[in-house]
Amino acid sequence: MPADRLHLVRHGEVHNPRRVLYGRLPNYRLSAAGRQMARQAAQYVHGLHRPVTALISSPLQRTRESAEPFTELFGIEPVIDERVIEPTNVFEGRRMRRALANPLNWRHLRSPATPSWGEPYAQVIARMEAAMADAWTRAETGDVVIVSHQLPIWVTHLHVAGLPARHDPRRRRCALSSVTSFERLDDGWVEVAYAEPATVAGTVDVGAV
């Protein structure tokens, strides 16, 4: 028997005092508030009273730290999967407002549907789907938790909903420490729930790709 339900969990708030787009840059850890948010996400999943039998995380520091409360509550260690990592982005390490004000950077905006500033959406969707399918089939029963990032989770949602991958990053429904849940029906995914269990008041969410 495969898994019962799969939860894509976004990491908590990141310590990012310069407010740059951090992307895949190393050493971007959770803030104190981010650690609390990650715990609230884990407590939410725990409160569903569904057994979690597999825990998967992106290799980046902020996602590994966000997986720690799941390890504490469910007693399972995370498996690191490169396929659920943040996409690449040419603006890594920069403050977006300043970068976009520079005409020399406008060439990176020539194809928003791809997008031309980073990893193609289609590639992100393909690797996320592959990671989800593997996790689903390897779990003999129970639920799977994958701790990932805003853009991979959001474009997965769009794909499952049959919507175009092109979107306005400012309008993503994927808050810090949110939980987007799916089930497998025949050969396709069905989104069954979305929750924002973490306290986000006063937090900063500016560094996502």
Side-chain angles (χ1 to χ4, degrees), residues 2-17 22-87 127-128 131-132 134-136 138-154 156-157 172-183 189 191-209:
D4 298 316
R5 186 171 292 182
L6 185 147
H7 310 280
L8 295 183
V9 179
R10 190 185 171 200
H11 61 79
E13 182 192 52
V14 177
H15 179 68
N16 182 17
Y22 37 70
R24 293 186 179 183
L25 295 175
N27 303 320
Y28 275 87
R29 58 179 172 80
L30 293 184
S31 65
R35 285 190 171 275
Q36 178 60 27
M37 297 171 78
R39 177 163 294 278
Q40 290 173 319
Q43 290 171 336
Y44 164 78
V45 176
H46 189 262
L48 297 176
H49 304 293
R50 304 175 60 89
V52 172
T53 58
L55 175 61
I56 296 160
S57 173
S58 154
L60 296 179
Q61 183 173 351
R62 58 189 180 271
T63 41
R64 288 187 286 108
E65 290 177 346
S66 295
E68 290 173 2
F70 287 92
T71 295
E72 295 173 12
L73 288 174
F74 294 100
I76 50 178
E77 293 294 329
V79 174
I80 302 301
D81 193 332
E82 295 276 352
R83 294 175 295 182
V84 300
I85 198 172
E86 186 86 276
R127 60 178 171 83
M128 287 292 291
M132 291 166 66
D134 284 351
W136 184 268
R138 287 176 184 171
E140 294 183 359
T141 187
D143 288 10
V144 174
V145 169
I146 299 179
V147 186
S148 186
H149 307 267
Q150 186 187 66
L151 189 143
I153 295 173
W154 180 242
T156 298
H157 154 79
R172 293 173 186 161
R173 185 216 62 183
C174 188
L176 292 163
S177 291
S178 59
V179 182
T180 309
S181 303
F182 300 86
E183 292 180 358
W189 295 102
E191 185 173 322
V192 295
Y194 172 77
E196 297 181 4
T199 303
V200 298
T203 58
V204 177
D205 187 10
V206 296
V209 165

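We use all heavy atoms of the structure for the numbers below, so side chains are in, but hydrogens, waters and symmetry mates are not.
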Fill in: Tyr194 backbone acceptor or donor facing Thr180 side chain under 3.5 Å
no
Practice prompt. Would you check if the side chain of Glu13 reaches a backbone N or O of Met37 as a donor-acceptor pair within less than 3.5 Å?
Written response: no
Discussion item. Are Glu140 and Thr53 packed together at the side-chain level, in the sense that at least one heavy-atom pair is separated by less than 4.5 angstrom?
Written reply: no
Worksheet, complete the sentence: Between Leu30 and Gly12, the two heavy atoms sitting closest are CD2-O, 3.4 Å
Discussion item. Side chains of Leu73 and Gln43, heavy atoms from C-beta outward: is any pair under 4.5 Å?
Written reply: yes
Fill in: Worked check of side chain to side chain contact (heavy atoms under 4.5 Å, CB included) between Leu60 and Ile85
CA-CA 7 Å; Leu60 296 179; Ile85 198 172; 3.9 Å; yes
Practice prompt. Evaluate the criterion side-chain hydrogen bond (donor to acceptor under 3.5 Å, both in side chains) for residue pair Ser177 and His11; output intermediate values, then yes/no.
Written response: CA-CA 5 Å; Ser177 291; His11 61 79; over 6 Å; no
Worksheet item: Do Tyr28 and His15 make the cut of ring centroids closer than 6.0 angstrom?
Response: no
Worksheet item: So which heavy atom on Pro152 is nearest to which on Glu86, and how close?
Response: CD-OE1, 3.9 Å
Worksheet entry | Worked check of side chain to side chain contact (heavy atoms under 4.5 Å, CB included) between Tyr22 and Val209 | CA-CA 7 Å; Tyr22 37 70; Val209 165; over 6 Å; no
Item to complete: Output, in order, the C-alpha distance, side-chain angles, deciding distance and verdict of salt bridge (charged side-chain N to carboxylate O under 4.0 Å, His left out) for Asp205 and Arg172.
Response: CA-CA 12 Å; Asp205 187 10; Arg172 293 173 186 161; over 6 Å; no
Worksheet item: Would you call Arg5 and Asp143 a salt bridge, using N to O less than 4.0 angstrom?
Response: no
Fill in: Worked check of side chain to side chain contact (heavy atoms under 4.5 Å, CB included) between Val9 and Phe70
CA-CA 11 Å; Val9 179; Phe70 287 92; 4.0 Å; yes
Worksheet item: Less than 4.5 Å apart, any side-chain heavy atom of Val147 and any of Ile56?
Response: no
Item to complete: Apply side chain to side chain contact (heavy atoms under 4.5 Å, CB included) to the pair Ser58 and His149, showing each step before the final yes or no.
Response: CA-CA 8 Å; Ser58 154; His149 307 267; 2.8 Å; yes
Worksheet item: Can you tell me how far CG of Asp81 sits from CE of Met132, rounded to the nearest 0.5 angstrom?
Response: 12.0 Å
Item to complete: Could you tell me whether Arg39 and Glu72 make a salt bridge, using a distance below 4.0 angstrom between a side-chain N and a carboxylate O?
Response: yes
Worksheet entry | Non-hydrogen side-chain atoms of Arg50 and Val45 separated by less than 4.5 Å | no
Worksheet item: Are Arg64 and Ile80 close enough that some pair of their side-chain heavy atoms sits under 4.5 Å apart?
Response: yes
Worksheet item: Nearest heavy-atom pair of Trp136 and Pro2: which atoms, and what distance?
Response: NE1-CB, 3.3 Å
Discussion item. I'd like to know if the side chain of His46 and the backbone of Tyr44 have a donor-acceptor N/O pair within less than 3.5 Å.
Written reply: no
Worksheet item: Is any side-chain N of the basic residue among Glu65 and Arg29 closer than 4.0 Å to the acidic one's carboxylate O?
Response: no
Worksheet item: Of all heavy-atom pairs between Val84 and Ala131, which one has the smallest distance, and what is that distance?
Response: CG1-CB, 3.7 Å
Worksheet item: Would you say the side chains of Thr71 and Glu77 form a donor-acceptor pair under 3.5 Å?
Response: no
Worksheet item: Under a 4.0 Å N-O cut-off, is there an ion pair linking Glu196 with Arg173?
Response: no
Worksheet, complete the sentence: Here the gap from Cys174 atom SG to Ile153 atom CD1, rounded to the nearest 0.5 Å, amounts to 4.0 Å
Worksheet, complete the sentence: Value for CH2 (Trp189) from CE (Met128), rounded to nearest 0.5 Å, stands at 10.0 Å
Discussion item. Tell me the closest heavy-atom pair linking Val144 and Ala139, and the distance in Å.
Written reply: CG2-CB, 3.9 Å
Discussion item. As an exercise, state the distance from OG1 of Thr156 to CG of Leu6, rounded to the nearest 0.5 Å.
Written reply: 10.0 Å
Item to complete: First locate atom NE2 of His7, then atom CG of Leu55, and finally report the distance between them rounded to the nearest 0.5 Å.
Response: 11.5 Å
Worksheet, complete the sentence: Heavy atoms of Leu8 and Phe182 approach each other most closely as CD1-CE1, 3.6 Å
Fill in: Residues Glu82 and Arg127 bridged, charged N to O under 4.0 Å
no
